[in-house]
Structure formats: C-alpha cells, structure tokens
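These notes concern the structure reproduced below.
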Amino acid sequence: MSADQGCLFCKIIAQQIPAKTVYEDQLAIAFEDINPQAPVHVLIVPRKHIPDISSMTDKDRELVGHLFWVAAKLASENGLIGGGYRMVINNGREAGQTVFHIHLHLLGGRVFAWPPG
Ligand code: 5GP
Ligand code: ZN
C-alpha cells in the first residue's frame, strides 16, 4: 500500500506512532482523535495515502465510499443512530485540513450547530 514518509496518518497506519484503533480492515482504519471535539470523535482513514479529495482518481471512488460505510458501522456500535451524528471532511487549508491524508471525522454524542464555524 502506498505510504508517504512524512505523513502522520501513514505512520499511524504503519504502527510507527500509537493510536487508539477502534476498527480496521484491508482498506481502512479508524482511531480516536487525539483532540476530541465530541464524546465520540473517530477518524476513518484509507490505508492508501491520498492527500485530499481533489487528489482522488476514478479508482478511489469505492474506497472513499467505504469510509462512510465504516462511519455508519461505528455510529451503530456507539449508539449514535437515534440521535444522529456528524461526518466531516475538511478539504484544504482554508477548510481546516491539517493532515494531508484523506480522513473522515465521525462525531457524535452531543448536539451540533449549523452552520459550522
Ligand atoms: P483535519 O484538521 O486535517 O481535518 O483533522 C486532523 C485531525 O487529526 C485533528 O482533529 C487532530 O486532532 C487529529 N490528530 C492530529 N495529530 C494526531 C495524532 O497524532 N493522533 C491522533 N489520534 N489524532 C491526531
Ligand atoms: Zn498518508
């Protein structure tokens, strides 16, 4: 699987940096955010290093869809189905992206405002 030497999430995937992993399969892993913004705050990350949504290729379409499937599974396991949950992808610096390896934030366990900040 392609990895980027300088990428924080590639290092977590390679277990060079520890993380609280809550799910993993051949395509993706999910781990708790180090600075949680809600009672449940999990990052769902493809094993393949793709810097951002704009860098996706046609071949990545199912992979990115898979991240949402993992989110729904984890939302169910965390009892978030009734109240709802939020999924966020910050894409690009002005959108708040700080780690340039695609990741889907799964947030739940509290009420969320709209519009986001
Ligand atoms: P972004 O700002 O790119 O959308 O999200 C990056 C997320 O990664 C942030 O919510 C941040 O708290 C989280 N994060 C940054 N460094 C680490 C780390 O070393 N471990 C974990 N588990 N999360 C991290
Ligand atoms: Zn990476």
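Counting starts at 1 for both ligands and their atoms, in listed order. Values below: every heavy atom of this structure, side chains too, minus hydrogens, waters and symmetry copies.
- Close approach of ligand 1 to Q97 (heavy-atom distance below 4.0 Å) involves ligand atoms 3 (O).
- Under the 4.0 angstrom criterion for non-hydrogen atoms, F100 is not in contact with ligand 1.
- Residue-ligand proximity: H105 is placed with a non-hydrogen atom under 4.0 Å from ligand 1.
- Follow the hydrophobic side-chain contacts under 4.5 Å out from L43 and you never reach I50; the two are in separate clusters.
- Residue A19 places every heavy atom at 4.0 Å or more from ligand 1.
- Within the structure, ligand 1 has H103 among the residues with a heavy atom less than 4.0 angstrom away.
- The name of the N, O or S atom in H49 nearest to the Zn ion (ligand 2) is ND1.
- For atom 16 (N) of ligand 1, the nearest non-hydrogen atom of the protein is L8 CD2, 3.3 Å.
- The protein heavy atom nearest to atom 24 (C) of ligand 1 is I34 CG2, 3.4 Å.
- The shortest separation from a heavy atom of I17 to ligand 1 is not under 4.0 Å, leaving the residue out of contact.
- E32 O, 2.9 Å is the protein heavy atom nearest to atom 22 (N) of ligand 1.
- When hydrogens are left out, the protein atom nearest atom 11 (C) of ligand 1 is D33 OD1, 3.4 Å; that is the closest non-hydrogen contact.
- Put simply, Y23 and V45 are part of two different groups of oily side chains (I, L, V, M, F, W, Y) that touch within less than 4.5 Å, one to the next.
- Within H101, ND1 is the N, O or S atom that lies nearest to the Zn ion (ligand 2).
- For ligand 1, the atoms closer than 4.0 angstrom to any heavy atom of F9 are 8 (O).
- Aromatic ring pairs are classed by plane angle as parallel below 30°, tilted from 30° to 60° and perpendicular above 60°; the pair H41 and H105 is tilted.
- Applying side chain to side chain contact (heavy atoms under 4.5 Å, CB included) to P46 and the options I13, L104, L67 leaves one that passes, L67.
- Only side-chain heavy atoms of L43 come within less than 4.0 Å of ligand 1; its backbone N, CA, C and O stay farther off.
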